[in-house]
Structures are given as structure tokens and as C-alpha cells.
Amino acid sequence: MEQNMVERWEGKVSTKLTNITKQQAWSLIKDFFNLHKRFPNLATCYGIHGSNGEPGCIRYCAGFSLPSDGSQEVSWSKERLVAVDDVDLSLKYEIVDCNIGFKSYESMMRVISDDGDGCMIEWFFGVDPVEDLEFEDLVSKYRIALQLMAHKMEQEIATSLHSNGM
């Protein structure tokens, strides 16, 4: 009997943030229900269960540009926060339901130190292979999205500091 097993896709992307401390970046990453403020092409994100930033809470996200199954115009997902580590500055989450073709999706975001000014964000993901999508294309989408997200975070922190007179 022939087995048609395909390995799980696992990837990691990272990007540098300048003039932002680890704690500033962490406060934005940990803001689980407000991803739409920082994530490109995400029209909406809001909590549908639990308290923002607390393990077990679930957010609804819609509007990002990953493949959907074609049954609806808007791509959407429901994501559960699995773990938050305020010492390691990391959070883990999983997709519990979606129309973007992801099965068994798990992810972790972490803020780490950098050698110079600023910090780094690392984004790890694991997912069963997605129909009509190449692994390299998925990694590229994550890399671009994280770079755009980092830019928005830098702007948000700069605006906050400026409006507070710092």
C-alpha cells in the first residue's frame, strides 16, 4: 500500500525594527485583537471570545490575501491565542477555523534583542501543505507581511512618542 504523506510545512521569517525597544514591540505584538492596525491587507480583526492577550482568547480576522476555498469573497480565519510568555516576549496561536485552506496551523511570534538600536521580530509557522500554493510563495508572503508590519509598528511608536511630547 502506497502512502501519500506530505511533510508539514514549517517556516521562519524575521525583520529588524529600528528605534523601538523590545518592550515597545512586545506591547504591539501582544495586542492580539488589534492585528489589523499593523498587518497589511487585513481589513478587520476583533475579539470573539475571552480577554485580549490572555491565553484561550479567540480573534476573528478577515481581508488578508491568502488563498481561500472560493466559497466566499473575503478570506477569514478564527485564531486562538495558545500561550503568552512575557519573559521570552513570545506568543503562540493556532487557527481554529478558516476559509484559506490552512489545516493544522500553528504559529509563534517572538521579539528578540538586536546588536544595534532596536529589536527583531521572528515569526515561525507550521501548517499542513496548502492546495494550490507553493511553500516558497507562502514564506515570501510572510516575509513581506512581516516587513510591512514592522514598518507600521515603527510608525505607531514614533507617532505615540511625538504626540506625548517625547
Answer whether the closest heavy-atom distance between the side chains of Cys57 and Phe32 falls below 4.5 Å.
yes
Could you tell me how the ring of Tyr142 sits relative to the ring of Trp123: parallel (under 30°), tilted (30 to 60°) or perpendicular (over 60°)?
tilted
Heavy-atom side-chain proximity of Leu28 to Glu156 below 4.5 angstrom
yes
Expected output: side-chain Thr159 to main-chain Gln155 donor-acceptor under 3.5 Å
yes
Think Arg59 forms a cation-pi with Phe33, using NZ or CZ under 6.0 Å from the six-ring centre and within 45 degrees of its axis?
no
Can you name the closest pair of heavy atoms from Ser14 and Met120 and give their distance?
OG-CE, 3.9 Å
To the closest 0.5 Å, what do you measure between NZ (Lys16) and OG1 (Thr18)?
6.5 Å
CD1 of Ile20 to CE of Met153, rounded to nearest 0.5 Å, is 6.0 Å
Can you tell if the side chain of Ser113 reaches within under 4.5 Å of the side chain of Lys22, non-hydrogen atoms only?
yes
So do Ile112 and Ile121 actually touch side chain to side chain, heavy atoms under 4.5 Å?
no
Between Asp128 and Arg8 (side chain of the first, backbone of the second, donor and acceptor by atom type, cut-off under 3.5 Å), is there such a pair?
no
With side-chain contact (heavy atoms from CB on, under 4.5 Å) as the test, would you mind laying out the steps for Asn52 and Asn34 before giving the verdict?
CA-CA 9 Å; Asn52 189 12; Asn34 290 300; 4.0 Å; yes
Student check: side-chain heavy atoms of Phe102 and Leu138 closer than 4.5 Å:
yes
For residues Gln147 and His151, is any side-chain donor paired with an opposing acceptor at under 3.5 Å?
no
Return the CD to CZ distance between Glu7 and Phe135, rounded to the nearest 0.5 Å.
11.0 Å
Please check if the side chain of Gln24 supplies one atom and the backbone of Thr21 the other of a donor-acceptor pair under 3.5 Å.
yes
Are any of the side-chain heavy atoms of Leu133 and Glu131 separated by less than 4.5 Å?
no
Which of parallel (below 30°), tilted (30 to 60°) and perpendicular (above 60°) describes Tyr60 and Trp76?
parallel
CH2-CZ distance between Trp9 and Phe125, expressed to the nearest 0.5 angstrom
8.5 Å
Report the distance from atom CG of Leu42 to atom OG1 of Thr44, rounding to the nearest 0.5 Å.
7.0 Å
ILVMFWY network linking Tyr93 to Val130, side-chain heavy atoms under 4.5 angstrom
yes
Do Ser77 and Glu79 meet the criterion of a side-chain donor-acceptor pair at a distance under 3.5 Å?
yes
Single-linkage hydrophobic cluster Phe39~Leu146, side-chain heavy atoms < 4.5 angstrom:
yes
Path from Ile29 to Leu148 over hydrophobic side-chain contacts below 4.5 Å:
no
Report the C-alpha separation of Glu106 and Lys92 in whole Å, then their side-chain angles, then the decisive distance to 0.1 Å, and conclude whether the side-chain contact (heavy atoms from CB on, under 4.5 Å) test is met.
CA-CA 7 Å; Glu106 299 170 318; Lys92 295 178 183 177; over 6 Å; no
Any side-chain heavy-atom pair from Asp31 and Arg38 closer than 4.5 angstrom?
yes
Check residues 80-91 and write down every donor-acceptor pair under 3.5 Å in which the side-chain atom is one partner and the other belongs to a residue at least two apart or another chain.
{"from": "Arg80", "atom 1": "NE", "to": "Glu94", "atom 2": "OE2", "distance (Å)": "2.9"}
{"from": "Arg80", "atom 1": "NH2", "to": "Glu94", "atom 2": "OE2", "distance (Å)": "3.1"}
{"from": "Asp85", "atom 1": "OD1", "to": "Val87", "atom 2": "N", "distance (Å)": "2.9"}
{"from": "Asp85", "atom 1": "OD1", "to": "Asp88", "atom 2": "N", "distance (Å)": "2.8"}
{"from": "Asp86", "atom 1": "OD1", "to": "Trp26", "atom 2": "NE1", "distance (Å)": "2.9"}
{"from": "Asp86", "atom 1": "OD1", "to": "Lys30", "atom 2": "NZ", "distance (Å)": "3.0"}
{"from": "Asp86", "atom 1": "OD2", "to": "Lys30", "atom 2": "NZ", "distance (Å)": "3.2"}
{"from": "Asp88", "atom 1": "OD2", "to": "Ser90", "atom 2": "OG", "distance (Å)": "3.3"}

Within the structure provided, determine whether Glu122 and Lys12 are in side-chain contact (heavy-atom separation under 4.5 Å).
yes
Distance in Å, Ile100 CD1 paired with Tyr105 OH, rounded so as to fall on 0.5 Å steps:
8.0 Å
